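See structure below.
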Amino acid sequence: MSTARLGADFFARPTLVAAVDLIGRRLVRVRRGRRLAGRIVEVEAYIGAADTACHAHRGCTPCNRVMFGPPGHAYVYFTYGMHQMLNVVTERDGFPAAILVRALEPEEGVDSMRRRRARAGRLRMARRDAAWTAGGPGRLCQALAIDRGLDGEDLEASPRLFFEEGRPAARRDVARTTRVGIDSAAPRDRAAPWRFILSGNPCVSRR
DNA sequence: GTAAGGATGCGCT
DNA sequence: GCGCATCCTTACG
């Protein structure tokens, strides 16, 4: 178990390689001097302008420009009128690709995460269990107070948001599936097995 | 200026 | 499994 921080080199690799390697690592959000952290149990890869499920497929816009920049930076996107999603930019500067962090197993600051979820009006469900706190990209961002204010954050240097080496999963414990919620993408891209999950972990989102 | 749709989540059946 | 809330982002006029 290591608390060493993952640097830009970790993400300056082929996206699928970095995505598998990210399973089991720790995402840390520091807020008011306190740590909110969890083990990453689910991610998805979005790779290049040719991937019709990737936000980059319509070109560079003010909202997605971070994805076209250097690796190791946070790309935070707003969708469905109410949800934010946290991504990490991968590959070389100029090539748009990212890993969407879809679910965490809460480890530190769990009560704070639950309070944040409850305050947002999800009281009834928020009491249930820790798994509910950060399973799913929208829930994760809410629990960790991640919003577009963190878009473009340098995760190698930021005091507010970063990754730690944690406890990487054994390769045999990482399962691959197709990505979630991309029905309008081309059939070839819907079929790509670019979602990675920690097998059997209760915090993984649906399916 | 305006309209359509979206990398979701919740509650109910 | 299904409907709906909710509003930013984008494309088009």
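These numbers were taken from a predicted model, which means no experiment stands behind them.
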With the side chain defined as heavy atoms from C-beta on, A:Met85 is closest, among B:dG9, C:dT6, B:dA7, to B:dA7

Quick one, A:Gln84 with A:Arg148, criterion side chain to side chain donor-acceptor pair (under 3.5 Å). Give me CA distance, side-chain angles, the key distance, then yes/no. CA-CA 8 Å; A:Gln84 324 247 12; A:Arg148 288 223 72 203; 5.6 Å; no

Rounded to whole Å, the CG-P distance (A:Asn87 to B:dG6) equals 18 Å

Checklist line | Sugar-phosphate, base or nothing in reach of A:Arg148, heavy atoms under 4.0 Å | finding: sugar-phosphate

Atom CD of A:Gln142 and atom C1' of B:dT8 are separated, to the nearest Å, by 12 Å

Return no unless some side-chain N or O of A:Ser184 is found under 4.0 Å from OP1 or OP2 of B:dG6.
yes

Check: Under 4.0 Å between a side-chain N or O of A:Thr61 and OP1 or OP2 of C:dT10?
Finding: yes

Scanning all shown strands, the Watson-Crick or wobble mate of B:dA3 with both distances under 3.5 Å is C:dT10

Quick one: do A:Arg13 and A:Glu91 make a salt bridge, cutoff under 4.0 Å? no

Atom CD1 of A:Ile99 and atom C1' of B:dA7 are separated, to the nearest Å, by 14 Å

- prompt: With sugar-phosphate meaning primed atoms plus P, OP1 and OP2, does A:Tyr77 contact a base, only sugar-phosphate, or nothing at under 4.0 Å between heavy atoms?
  reply: sugar-phosphate

A:His55 NE2 to B:dG6 C1', in whole Å, measures 8 Å

Exercise. Using a 4.0 Å heavy-atom cut-off across all strands, classify A:Leu100 as base, sugar-phosphate, or nothing.
Key: base

Between CG of A:Asn64 and C1' of C:dC8 the distance, given in whole Å, is 14 Å

Ranking B:dA7, B:dG9, B:dT8 by distance to the side chain of A:Arg117, first place goes to B:dG9

Separation of B:dG5 atom P from A:Phe78 atom CZ, nearest Å, is 18 Å

Whole-Å distance, A:His57 NE2 to B:dG5 C1', equals 12 Å

- Query: Is the NZ or CZ atom of A:Arg5 both under 6.0 Å from the centre of the six-membered ring of A:Phe162 and within 45° of that ring's axis?
  - Reply: yes

Between CD of A:Gln84 and C1' of C:dT6 the distance, given in whole Å, is 13 Å

| said: Less than 4.5 Å apart, side chain to side chain, heavy atoms only: is that true for A:Arg39 and A:Arg26? | reply: no

Looking at A:Arg25 and A:Glu165, is any side-chain nitrogen of the basic one under 4.0 Å from a carboxylate oxygen of the acidic one?
no

A:Arg139 has its side chain closest, among B:dA7, C:dT10, B:dC10, to B:dC10

From the candidates C:dT9, B:dA7, C:dT6, the one with an atom nearest any side-chain atom of A:Arg102 is B:dA7

Less than 4.0 angstrom between a side-chain N/O of A:Tyr80 and OP1 or OP2 of B:dT8, yes or no? yes

